[in-house]
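Order of the sequence lines fixes the chain letters, A, B, ..., with proteins taken first and strands second; residue numbering starts at 1 for each chain.
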2 protein chains.
Amino acid sequence: MFELLIKSIQAKVPSTEEELQLCKSHFTPKRLRRKQFLLQEGDVCNRTAFIEKGAMYSYTTDAKGGQRVMQFAFEGFWISDLYSFFTREESKLNIEALEDCELLLLDHEQHEYLLKNVPQYETYTRILYQNAYVALQQRLEGTIGLTAEEKYSKFAEQYSAIINRVPQHLIASYLGITPETLSRIRKQIASR
Amino acid sequence: MFELLIKSIQAKVPSTEEELQLCKSHFTPKRLRRKQFLLQEGDVCNRTAFIEKGAMYSYTTDAKGGQRVMQFAFEGFWISDLYSFFTREESKLNIEALEDCELLLLDHEQHEYLLKNVPQYETYTRILYQNAYVALQQRLEGTIGLTAEEKYSKFAEQYSAIINRVPQHLIASYLGITPETLSRIRKQIASR
DNA sequence: TTTTTTCGTTGACATATGTCAAGATTTCTC
DNA sequence: GAGAAATCTTGACATATGTCAACGAAAAAA
């Protein structure tokens, strides 16, 4: 149940068995079925989720009621609305299971506790945020000022694994293009 | 010279005079004239810069030789290419002074030293990255899947201070639209 | 100041992408 | 396995945004 989390921590911070045990004890396992929500817009996000199994995604709802996908997350990764988590303000995000999931939840209090009492945990989160920031920056580079085709190509290159696991229209939304446009682009690319 | 940096640290982590002094001793002040570079693409980014005075921006160069602005930074903020800084790989970014600047540079070794030896510094950077991540996420929300006008309006709302300090064509680039389009949008908005 | 460079605006036109609607496929659910 | 949802594809058309080129205004450099 905690395999991937332990792996994730050990890969970033050398830790003793005790420290790991202490960390583990603050998480709550939770199963989620496909289409169930971890967070709904309007609520305050009070926890972060580490995915041991399955896939999740987050999205906002725009003025016309359409989804705008912000993030995909799979086994071994975290998902949350950090904005709401840190500021304690209402979230604009929905976080939903794309597949049946096994999650490890860490709520805000436990997070604070670990930060204060387990130095390795602070280092772990620092590295996590560091990497998350860099990843987001790269996403931005792969988005702004590019044509729809360029965006998709970059995405396909970088995240080929995702493509077979996520509905196409969600990828379109993630890239900020319409499903129709994406469908046409794929057809074009295939015909070369 | 160190006023804003000290302020920035104190705002995030309660620290003693000694700790602050220790931190300060690892930074190198540097002046930069308008149009001078802190980093050029192809080099490895070996330092982060805290801006005590002035304004900087970072950008990539696309296939057709055009600029794509990634970030603006002013007094009290940091600028760097964290991707290159952490991975030690060649940077694709240029970081250039928009105005004459007074910077405080922290190179990679000093950064590592502070992380190891000053717990407050690790907490400071953790919070810094946390905030940077959230800010970037919000930028993404204000970019993907919006019309040019929506992007500009959100930007103008959120960063009204920047608008009077940065050439318009750089803002256009930052938003991923052409200078011509931005000019037209501004005209439209003004006529209401 | 004068000169030069950078920056912003505007017009005419081209084009990528969005919109709407219908039908075909695939995937879930019972 | 049958029916129901969800997803993907395609066409016709609308429209936002990009491109190219020229000019004027503003700012920097000399």
Could you pull out all donor-acceptor pairs under 3.5 Å where a side-chain atom in residues 21-31 of chain A meets a protein atom, sequence neighbours excluded?
unit_1, atom_1, unit_2, atom_2, d
A:S25, OG, A:L22, O, 2.6
A:H26, ND1, A:Q110, OE1, 2.7
A:R31, NH1, A:E102, OE2, 3.2

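- Non-hydrogen atoms lying under 4.0 Å from DNA chain C are contributed by B:P167, B:Q168, all within residues 151-168 of chain B.
- In this structure, A:K187 reaches the D:dT10 phosphate: one of its side-chain N or O atoms is under 4.0 Å from OP1 or OP2.
- Residues B:K151 and B:I177 share a closest heavy-atom pair of NZ-CG2, 4.2 Å.
- Taking 4.0 angstrom as the limit, A:H169 places none of its side-chain polar atoms (N or O) nearer than this to OP1 or OP2 of D:dA6.
- Outside the 6.0 Å centre-distance limit, the rings of B:H108 and B:F86 are not counted as a close aromatic pair.
- Defining each end axis of the helix from C:dT1-D:dA30 to C:dC30-D:dG1 as the rotation carrying four pairs' C1' atoms onto the next four, with five pairs an end, the two axes are found to diverge by 70° to 10 degrees.
- B:Q67 and B:Y57 form a side-chain donor-acceptor contact under 3.5 Å, judged by distance and modelled atom types alone.
- A cation-pi contact, defined as under 6.0 Å to the ring centre and within 45° of the axis, is absent between B:R139 and B:Y159.
- Defined by atom type and a distance below 3.5 Å, a donor-acceptor pair is missing between the side-chain atoms of B:Y59 and B:Q71.
- Rounded to whole angstrom, the span from the CD atom of B:E96 across to the C1' atom of C:dT6 amounts to 13 Å.
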Distance-only check: which donor-acceptor pairs under 3.5 Å involve side-chain atoms of residues 7-15 of chain B, not counting sequence neighbours?
unit_1, atom_1, unit_2, atom_2, d
B:S8, OG, B:Y124, OH, 2.7
B:S15, OG, B:V13, O, 3.0

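- Members clustered with A:I127: none, using a 4.5 Å side-chain heavy-atom cutoff among hydrophobic residues.
- Using cut-offs of 30° and 60° on the angle between ring planes, the pair A:Y121 and A:H111 is perpendicular.
- Here B:F155 and B:Y174 bring their ring centres to under 6.0 angstrom of each other.
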Completion exercise
Reading nucleotides 17-30 of chain D from 5' to 3' and marking B where a protein heavy atom lies under 4.0 Å of the base, S where only the sugar-phosphate is that close, and - otherwise, the string is SSBBB------S--

